[in-house]
Amino acid sequence: MPELPEVETTAQLLGPALVGSTIVDVQLSWPRHTPDPERLIRELPGHAVRDLGRRGKYLVVGLEPSDRTLFVHLGMSGRLTVRPADALPDPYARTVFVLQDGRQWRFADPRKFGRVLLVADPEEVTGRLGPEPLAGEFTADWLAAGMAARRRAVKPLLLQQRFLAGLGNIYADEALHRAGVSPRRAADSLKTGEVVRLWESIREVLNEAIAHHGTSLDWVYPDGGMQELLRVYGRAGKPCLACGTPVEREVLAQRSTHYCPRCQPG
DNA sequence: CCACCGTCCTGGCTGC
DNA sequence: TGCAGCCAGGACGGTG
């Protein structure tokens with residue numbers, strides 16, 4: 001998916017276009033995107049966008065006058081755009097929020113793995129998420145304690161959103177490479193220095209990706225500039241940028257995993 | 001707690 | 001050129 005940096009980029013790009021706009025209609029061509037389509041159609045119109053934020057990989061839309069919250073998860077292929085009233089239709093626009101001035105806020109999602117959720121209590125969604133990697137709550141000490149309590153391999157642990165919110169397959173691989181930690185290492189086997197390096201690497205790679213508007217993905221962010229800065233993801237067989245050893249790819253926990261066998265031993 | 005599998009979906013790429 | 005098969009950024013639920 002779109003991971004944390006891509007969602008953050010989306011929130012920053014859409015904020016100026018959406019904040020203050022009122023939603024007057026909701027059109028669903030793929031109702032399964034949302035658990036209760038009729039409720040969405042009934043309750044959302046009339047609300048204005050108060051603010052736009054992000055939590056983990058969710059776009060968080062604060063609404064007024066009621067204090068309901070709209071969450072959008074982009075899944076694997078979701079893309080959010082705001083288009084003029086007379087824009088050509090998008091065959092992949094599964095949900096269209098029509099704004100008062102006629103513009104269309106579109107959720108296009110070819111693979112249909114995305115989600116749209118309207119809730120009264122945001123905790124219904126955020127309560128199942130681990131800490132924000134870029135917030136103060138995510139400290140090296142917290143990471144060390146969390147890892148020490150888990151025996152599973154470190155990469156699948158980093159992908160678990162209830163452990164830490166926002167990392168996906170690309171940035172998990174990148175963070176582990178920067179930290180010099182093998183994705184297969186048991187979480188509780190990392191030494192303190194390795195945990196600290198991993199903590200720094202996670203924050204570094206996410207901040208860098210946000211600065212470059214995320215990574216180019218087929219359906220999502222064709223202009224993301226992080227693509228060329230990836231060191232292992234998608235580079236199987238190519239030399240590690242640090243040591244020249246060919247990058248390896250293997251499947252770990254059902255996910256393709258890229259790493260340098262020399263920089264990330266074990 | 002954890003490894004592993006299936007499921008939800010479609011489009012693009014690869015190789016025959 | 002055509003096309004079947006394989007692959008993909010996520011996440012959940014079930015099983016052992």
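Remark: Tyr92(A) is not in phosphate contact with dC9(B), judged by side-chain N or O atoms under 4.0 Å from OP1 or OP2. Contact between the side-chain N/O atoms of Arg111(A) and the OP1/OP2 oxygens of dT7(B) is not found at any separation under 4.0 Å. An OP1 or OP2 oxygen of dT10(B) is reached within less than 4.0 angstrom by a side-chain nitrogen or oxygen of Lys112(A). For Arg32(A) and dC9(B), the shortest distance from a side-chain N or O to OP1 or OP2 is below 4.0 Å. Under 4.0 angstrom from either OP1 or OP2 of dA3(B) there lies at least one side-chain N or O belonging to Arg152(A).
The backbone N or O of Tyr233(A) sits less than 3.5 Å from a side-chain atom of Glu174(A), completing a donor-acceptor pair. In this structure a side-chain-to-backbone donor-acceptor pair under 3.5 Å is missing from Asn207(A) to Ala211(A). With hydrogens and angles ignored, the 3.5 Å screen pairs a side-chain donor or acceptor of Glu3(A) with a backbone N or O of Ile170(A). Of the possible donor and acceptor atoms, none in the side chain of Thr257(A) sits under 3.5 Å from a partner among the backbone N and O of Arg249(A).
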Problem set entry | Intermediate values then yes/no, side-chain hydrogen bond (donor to acceptor under 3.5 Å, both in side chains), Thr215(A) and Tyr171(A) | CA-CA 10 Å; Thr215(A) 296; Tyr171(A) 299 118; 2.7 Å; yes
Exercise. What's the verdict on side-chain hydrogen bond (donor to acceptor under 3.5 Å, both in side chains) for Ser21(A) and Arg103(A), showing C-alpha distance, side-chain angles and the deciding distance?
Worked result: CA-CA 10 Å; Ser21(A) 296; Arg103(A) 286 177 303 151; 2.9 Å; yes
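Between the C1' atom of dC12(C) and the CZ atom of Phe113(A) lies a distance of 11 Å, rounded to the nearest Å. Following rounding to the nearest Å, Glu6(A) (CD) and dA8(C) (P) show an atom-to-atom distance of 18 Å. Distance CZ (Arg55(A)) to C1' (dA11(C)): 16 Å, rounded to an integer number of Å. A straight line from CG of Leu74(A) to C1' of dA11(C) spans 14 Å, rounded to a whole angstrom. Whole-Å rounding puts the His33(A) NE2 to dA11(C) P distance at 14 Å. Computed from coordinates, the Asp109(A) CG to dG11(B) C1' distance equals 12 Å when rounded to whole Å. One can place CE of Met76(A) at 13 Å from P of dC9(B), the figure rounded to the nearest angstrom. Straight-line distance from the CZ atom of Arg115(A) to the P atom of dA11(C): 11 Å, rounded to whole Å.
Contact annotation for Gln161(A): backbone-only contact, meaning every heavy-atom pair under 4.0 Å involves sugar-phosphate atoms and none involves a base. Heavy atoms of Ala253(A) sit nowhere under 4.0 angstrom from any nucleic acid atom. Backbone-only engagement by Arg249(A) is indicated by non-hydrogen atom pairs under 4.0 Å involving sugar-phosphate atoms exclusively. Ser256(A) comes within 4.0 angstrom of sugar-phosphate atoms only, judged by non-hydrogen atoms across all strands, and of no base.
Positionally, the nearest nucleotide of DNA chain B for Gln160(A) lies more toward the 5' end than for the other of Gln160(A) and Gln254(A).
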Exercise. If pairs are Watson-Crick or G-U with both distances under 3.5 Å, what is the dot-bracket string of DNA chain C, marking crossing pairs with [ ] and pairs to another strand with |?
Worked result: .|||||||.|||||||
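Looking at the side chain of Arg151(A), the nearest of the listed nucleotides dC2(B), dA11(C), dT10(B) is dC2(B). Checking dC12(C), dA11(C), dA8(C) against every side-chain atom of His73(A), the shortest atom distance belongs to dA11(C). Listed nucleotides: dA8(C), dT10(B), dC2(B). Nearest to the side chain of Arg150(A): dC2(B).
Across dC7(C) and dC5(B), the matching P atoms stand 14 Å from one another, rounded to whole Å.
Residue Tyr58(A) forms a side chain to side chain contact (heavy atoms under 4.5 Å, CB included) with just one option from Leu117(A), Val7(A), Val72(A), and that option is Leu117(A).
Comment: Arg39(A) engages Glu43(A) in a salt bridge, judged by a side-chain N to carboxylate O separation of less than 4.0 angstrom.
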